[in-house]
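As C-alpha cells, the structure follows; a few thoughts come after it.
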Amino acid sequence: MFKRRREAREQQELQRSGREMWGYFQSIPTPLEELDEEEARERAAASAAAPEPDTAEPVALVDDFLPPEFVAPSQREMAGLMMPWPGPLVVDGDIVTCSRCETYRDWIVLSVQGRVWLRCRAGHETHEAGLDTAWFNRNSGPMTEEHGSYDDGIRFLGH
Ligand SMILES: [Zn+2]
C-alpha cells in the first residue's frame with residue numbers, strides 16, 4: 001500500500017514537472033563563464049592578496065528586491081503555468097476587472113510559485129489574491145503545450 005502511494009506521488013511529481021513551462025533557467029549566464037582564464041586567475045590572486053575591505057563600493061540592489069507579489073510573471077526567471085480564460089472571471093462573487101484598463105474578460109491566468117496572476121489582453125498583470133494554486137489546478141484542463149519562455153506561451157494563447 002505504501003509502495004503504491006509512493007508510486008502515485010512520483011507519478012504526480014512527474015506530471016507536475018512535465019507541465020512546467022516558460023523556464024528561463026538556461027538563459028542566465030553563470031558569472032564564471034564570462035571571465036576568461038587570465039582574468040579569473042588575476043581575480044583569484046587579487047582576492048587572495050587583499051582581503052575584502054569593509055568599505056566596499058556601494059551596491060544598489062536593495063530597492064529592486066521586491067516581494068514576490070510585486071514581481072509580475074513576465075519579469076521573473078522561473079517557470080509557471082498558464083491557461084486562457086476567455087469569459088468573465090468571478091472571484092468572491094464579483095466579476096474581476098483589470099485595475100488599469102477595466103476589461104473584464106479575455107484573460108490569461110498564470111500560476112507562478114503559489115500565486116495566481118491575471119493578464120488582460122492589454123498585457124497588464126495583476127496578482128489576484130482571491131485565487132490560489134488549488135483553484136488554478138481545479139480549473140485548468142490537462143496541460144498540452146510547453147513553451148520555452150513566458151512570451152512564447154503568451155503568444156501561443158493569442159495575447
Ligand atoms: Zn488591463
Side-chain angles (χ1 to χ4, degrees), residues 5-36 39 43 52 55-159:
R5 200 179 290 174
R6 196 180 60 226
E7 278 172 359
R9 199 169 52 227
E10 280 168 0
Q11 188 62 32
Q12 273 179 354
E13 270 160 17
L14 215 65
Q15 282 173 356
R16 196 176 321 137
S17 63
R19 285 175 181 174
E20 299 249 304
M21 298 185 294
W22 93 68
Y24 290 156
F25 298 106
Q26 278 95 3
S27 65
I28 304 167
T30 57
L32 273 180
E33 278 171 2
E34 291 177 345
L35 298 175
D36 62 35
E39 201 179 341
R43 201 172 271 209
E52 292 268 306
T55 51
E57 285 176 43
V59 184
L61 266 184
V62 181
D63 287 343
D64 294 335
F65 217 100
L66 295 169
E69 55 268 43
F70 295 113
V71 183
S74 58
Q75 305 302 315
R76 293 170 185 233
E77 291 166 343
M78 57 188 53
L81 302 169
M82 56 176 77
M83 66 171 161
W85 195 281
L89 178 57
V90 177
V91 177
D92 294 332
D94 292 321
I95 293 176
V96 179
T97 55
C98 176
S99 58
R100 288 165 68 189
C101 68
E102 300 194 340
T103 189
Y104 65 94
R105 58 182 185 176
D106 200 8
W107 304 101
I108 289 178
V109 187
L110 306 150
S111 173
V112 193
Q113 287 229 307
R115 291 173 192 280
V116 171
W117 293 70
L118 302 176
R119 178 192 163 103
C120 75
R121 169 64 76 170
H124 306 133
E125 294 172 323
T126 314
H127 172 223
E128 177 48 68
L131 302 176
D132 59 13
T133 308
W135 174 91
F136 185 96
N137 292 339
R138 277 198 309 276
N139 287 278
S140 63
M143 288 293 163
T144 53
E145 300 284 336
E146 285 190 41
H147 304 281
S149 73
Y150 174 85
D151 290 338
D152 286 352
I154 292 296
R155 268 198 299 274
F156 177 80
L157 293 178
H159 272 211

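Residue indices begin at 1 and follow the sequence shown. Predicted, not measured: the structure shown is a model, and the values here were computed from it. First listed ligand is number 1; within each ligand, the first listed atom is number 1.
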| request: Measure the spacing between CG of Leu89 and CG of Asp94 and express it to the nearest 0.5 Å. | output: 11.0 Å
| About how many Å separate OG1 of Thr97 and CZ of Arg105, when rounded to the nearest 0.5 Å? | 13.5 Å
| field | Whether over 12 other heavy atoms sit under 6.0 Å from Arg100 CZ | value | no
| note | Between the CZ atom in Arg115 and the CG atom in Leu131, the distance rounded to the nearest 0.5 Å is 13.0 Å
| query | Distance from Trp107 atom CH2 to Cys98 atom SG, nearest 0.5 Å? | reply | 5.0 Å
| What is the distance from atom CH2 of Trp85 to atom CZ of Phe136, rounded to the nearest 0.5 Å? | 9.5 Å
| message | Just to be careful: counting only protein atoms that are N, O or S, how many fall under 2.8 Å of the Zn ion (ligand 1)? | response | 4
